[in-house]
Amino acid sequence: MKLRYILAPILALCFKASDQNGLSEQEYRMNTIRNYFIFTWVNYKTRAMGADELRPMDGTPDVSVWGGWGVTLVDSLDTLWLMDLKEEFRDAVAVIAQIDFSKGTIATSFFEVTIRNLGGLIAAYDLSGERVLLQKAKELADVLMLDFDSPSGFPYTNFDFRAQQPVREAYASLANIGSCQLGFARMSQLTGDPKYFNAALKVYDVLDQNKPGSGLYYADLDVNTGKFTSKTLTYGAIGDSFYEYLIKLRVMLGPQNGAKYLRMFDESMIQFKSQLLVPCYGNRLCLGFNDRNGKFQPLIQHLNFFVPGMLLLGDGYLPGRNLSAIGLDLLETFSHIPRLARTGLAPELVSFSPNAEMRIESKANILRPELVESFFYAYRATHNPIYQDRTWAAFQAFRNYSLANYGFSEYADVTDTYKKFQQRNAMPSFFLAETFRYMYLTFAPDSKLPPLSNLNQWVFNTEAHPFKIST
Ligand code: DMJ
């Protein structure tokens, strides 16, 4: 390992605002974020390489969280590439070349393995052209294909990677069955074999056919019948990335092949606007959800924070729908939420009402990316430096409270500044994959990002893995 990588965390920790050494504010912030990524990566590499996660407080490996193939390693690959850590990237690829995706350690989520492992391999291949990554992606995609063996053609929620067969439970969520389409479509483009595309996109055909009204995609389903089983309408857990993928498929597949998904997205936006968006205290726009009985609940999850980014992306394809304006208004509301907490970390859940300030309902922060994801899209769309400043504030909150001896820790109570009691010994892989990547990309000038400088040629999967658009 190069000395500069070992020194990077020390430099990062010593770096003071006054020591900017002639760097512009933007470069300084970008370098600082990169240095803390290096600090986290090097600890993962030296203490937990190949394990799913690194425990950030005691530096021990957590071997099997999502299948046991080193999800942090696979999820971080393209971050290494984009931050120009090419030697680290090559070392990581050498480890990945040894992974056997036909042997897993547990039964686990089809959704998570698809967005993190398959997505990570595809993006790293698209960026680097390393053939072994495509070979590994194909091995994994072929295993995941076995999960579609249901009466409706939906993938089952969990797959047993030891026995190489689905866990045949009837329940499916919209996000679980509706967030594999980008990765599987890209696999068909890269291999020339349409089977991945056909299996994944058939799911959208069934959803479109069985929906009870225009744009009504409820979040609970039955894998056996292919029918909706509730009236849950949500852009949070169990629904979120399905809607995101409708617009992203249009981006990826182009005007002809993507037309159907743009139509589905457009229809879903009508329900979104009329049922879930409401004015709330402080002259703000808020986003709630409908529960399984169709009753409106005035609650905002951290997971909802991706919505402004999705709307800003959608605006480019559906002019005249006011999507950017709604997105930026919602982002104002969401930007206010971390300010409710003394740490500046965004909580998992808040409630809202027309006549009182929002209230924190669930106090944890688990290093999620959705807020900085929307800042990234907002900055790219407007070039307003306020979104860089907010990204920097989010990063500083992580650094002040989540930074632990070997990485960044989840935080149990964002209202309590006494971090000794509030840090939890867990660091999900999406912190290195998404949170770090979006923060870095929000500061990186185009010249630093040759592959990504033209965002019209790339689309990010829901784990922030960039796939090349090749229509
Ligand atoms: C990530 O794995 C993905 O962004 C997913 O779409 C939602 N949840 C997590 C992070 O919060």
For this session: Flag yes if more than 12 heavy atoms outside Lys363 fall under 6.0 Å of its NZ atom; otherwise flag no.
Result: no

Exercise. Distance only, no hydrogens: is a donor on one side chain within 3.5 Å (strictly under) of an acceptor on the other, for Arg131 and Tyr125?
Worked result: yes

Exercise. Are Phe431 and Phe408 close enough that their ring centers fall under 6.0 Å?
Worked result: yes

For this session: Answer yes if the ring centres of Tyr387 and Tyr377 are under 6.0 angstrom apart, and no otherwise.
Result: no

Exercise. Parallel, tilted or perpendicular: which describes the rings of Trp392 and Phe443, with under 30° parallel and over 60° perpendicular?
Worked result: perpendicular

Problem set entry | Interatomic spacing from OG in Ser409 to CZ in Arg424 - rounded to 0.5 Å | 9.0 Å

Problem set entry | Proximity of Trp69 and Phe101 rings by center, below 6.0 Å | yes

Exercise. Can a salt bridge be assigned to the pair Lys138 and Asp193 using a cut-off of 4.0 Å between side-chain N and carboxylate O?
Worked result: no

For this session: Report yes or no: does Ser374 contribute a side-chain atom to a donor-acceptor pair with the main-chain N or O of Gly309 at less than 3.5 Å?
Result: yes

Exercise. Would Leu207 and Ile177 satisfy side chain to side chain contact (heavy atoms under 4.5 Å, CB included), going step by step from the backbone distance to the final call?
Worked result: CA-CA 10 Å; Leu207 292 174; Ile177 63 174; 3.9 Å; yes

Problem set entry | Side chains of Tyr217 and Phe228 in contact at under 4.5 Å (non-hydrogen atoms) | yes

Exercise. So, Gln422 versus Asp416: side-chain donor-acceptor pair below 3.5 Å or not?
Worked result: yes

Problem set entry | Check: Ser150 side chain, Phe154 main-chain N or O, donor-acceptor pair, under 3.5 Å | yes

For this session: Verify the neighbour count for atom CG of Asp100: are there more than 12 heavy atoms of other residues, nucleotides or ligands below 6.0 Å?
Result: yes

For this session: Check whether any side-chain heavy atom of Val132 lies under 4.5 Å from a side-chain heavy atom of Ile96, and answer yes or no.
Result: no

For this session: Look at the side chain of Arg168 and the backbone N and O of Asp149, then say whether any donor-acceptor pair between them is shorter than 3.5 Å.
Result: yes

Problem set entry | Backbone of Tyr411 reached by a side-chain donor or acceptor of Asn365 within 3.5 Å | no

For this session: Tell me yes or no: between the side chains of Glu370 and His302, is some donor less than 3.5 Å from an acceptor?
Result: yes

Problem set entry | SB check Arg359 Glu357 (cutoff 4.0 Å) | no

Problem set entry | Residue pair Ser362 / Pro347: nearest heavy atoms and the distance that separates them | O-CB, 3.3 Å

Problem set entry | Distance in Å, Arg437 CZ paired with Phe37 CZ, rounded so as to fall on 0.5 Å steps | 8.0 Å

For this session: Can you measure from CG (Leu121) to NE2 (His465) and round to the nearest 0.5 angstrom?
Result: 8.5 Å

Problem set entry | Gap separating the CG atom of Asn384 from the CZ atom of Arg390, nearest 0.5 angstrom | 8.0 Å

Problem set entry | Centroid-centroid under 6.0 Å between Phe460 and Tyr438 rings | yes

For this session: Please report the shortest heavy-atom distance between Asn210 and Gly226, naming the atom on each side.
Result: ND2-O, 2.6 Å

Exercise. Mind checking whether Pro369 and Phe436 have side chains closer than 4.5 Å, heavy atoms only?
Worked result: no

Seminar exercise, completed: Distance col, row Tyr156:OH vs Gln165:CD, nearest 0.5 angstrom, shows 11.0 Å

Problem set entry | Any donor-acceptor N/O pair, Gln181 side chain to Ala200 backbone, under 3.5 Å | yes

Problem set entry | Distance-minimising heavy-atom pair for Val307 and Leu330 | CG1-CD1, 3.9 Å

For this session: Take Val113 and Val71, measure what side chain to side chain contact (heavy atoms under 4.5 Å, CB included) needs, and give me the verdict at the end.
Result: CA-CA 8 Å; Val113 173; Val71 72; over 6 Å; no

Problem set entry | Atom NZ of Lys231: over 12 foreign heavy atoms under 6.0 Å | no

Exercise. Is it the case that more than 12 heavy atoms not belonging to Lys103 sit under 6.0 Å from its NZ atom?
Worked result: no

Exercise. Can you list every ring-ring contact (aromatic ring centres under 6.0 Å, His included) pair that touches residues 181-201, not counting sequence neighbours?
Worked result: Phe148-Phe184

Seminar exercise, completed: The single option from Tyr235, Tyr204, Phe306 that satisfies ring pair (Phe, Tyr, Trp, His ring centres under 6.0 Å) with Tyr243 is Tyr235

Problem set entry | side chain to side chain contact (heavy atoms under 4.5 Å, CB included) assessment of Leu233 paired with Phe289 | CA-CA 6 Å; Leu233 202 58; Phe289 74 97; over 6 Å; no

Exercise. Do the non-hydrogen side-chain atoms of Ser109 and Asn176 ever get within less than 4.5 Å of each other?
Worked result: yes

Exercise. Can Ser230 and Thr232 be counted as having a side-chain donor-acceptor contact under 3.5 angstrom?
Worked result: yes

Exercise. Is the side chain of Gln271 donor-acceptor paired with the backbone N or O of Ser214 at a distance under 3.5 Å, no angle test?
Worked result: yes

Exercise. Less than 4.5 Å apart, any side-chain heavy atom of Met145 and any of Pro155?
Worked result: no

Exercise. Okay, side chain of Glu53, backbone of Val65: is any donor-acceptor separation there less than 3.5 Å?
Worked result: no

Exercise. Between Ser470 and Arg186, do the side chains contain an N or O donor and an N or O acceptor separated by less than 3.5 Å?
Worked result: yes

Exercise. Can you say whether the rings of Tyr44 and Trp41 are parallel (under 30°), tilted (30 to 60°) or perpendicular (over 60°)?
Worked result: tilted

Exercise. Roughly how far, to the nearest 0.5 Å, is CD1 of Ile326 from CG of Asp315?
Worked result: 9.5 Å

Exercise. Got Leu287 and Val278 here, is their nearest side-chain heavy-atom distance under 4.5 Å?
Worked result: no

Problem set entry | Modelled atom types, side-chain donor and acceptor of Thr435 and Arg368, under 3.5 Å | no

Exercise. Can you check whether Val459's main-chain N or O pairs, donor with acceptor, with Lys248's side chain at less than 3.5 Å?
Worked result: no

Exercise. Any sub-3.5 Å donor-acceptor pair from Ser351's side-chain atoms to Pro298's backbone N or O?
Worked result: no

Exercise. Side chains of Thr442 and Gln388: do they bring a donor and an acceptor to under 3.5 Å?
Worked result: no

Problem set entry | Trace of the side chain to side chain contact (heavy atoms under 4.5 Å, CB included) decision for Leu313 with Met310 | CA-CA 5 Å; Leu313 183 67; Met310 176 187 75; 5.7 Å; no

Problem set entry | Minimum-distance pair of heavy atoms, taken over all atoms of Val223 and Ala172 | CG2-CB, 3.5 Å

Exercise. Under 3.5 Å, is there a donor-acceptor pair between the side chain of Asp160 and the main chain of Ala163?
Worked result: yes

Exercise. Distance only, no hydrogens: is a donor on one side chain within 3.5 Å (strictly under) of an acceptor on the other, for Asp222 and Tyr171?
Worked result: no

Exercise. Are Lys260 and Asp205 side-chain neighbours, meaning at least one heavy-atom pair lies under 4.5 Å?
Worked result: yes

Exercise. Will you find, in the side chains of Thr105 and Ser64, an N or O donor that is under 3.5 Å from an N or O acceptor?
Worked result: yes

Exercise. Do Asp52 and Asp62 touch side chain to side chain, with heavy atoms closer than 4.5 Å?
Worked result: no

Exercise. Do Thr415 and Asp413 have side-chain atoms, one donor and one acceptor, less than 3.5 Å apart?
Worked result: yes

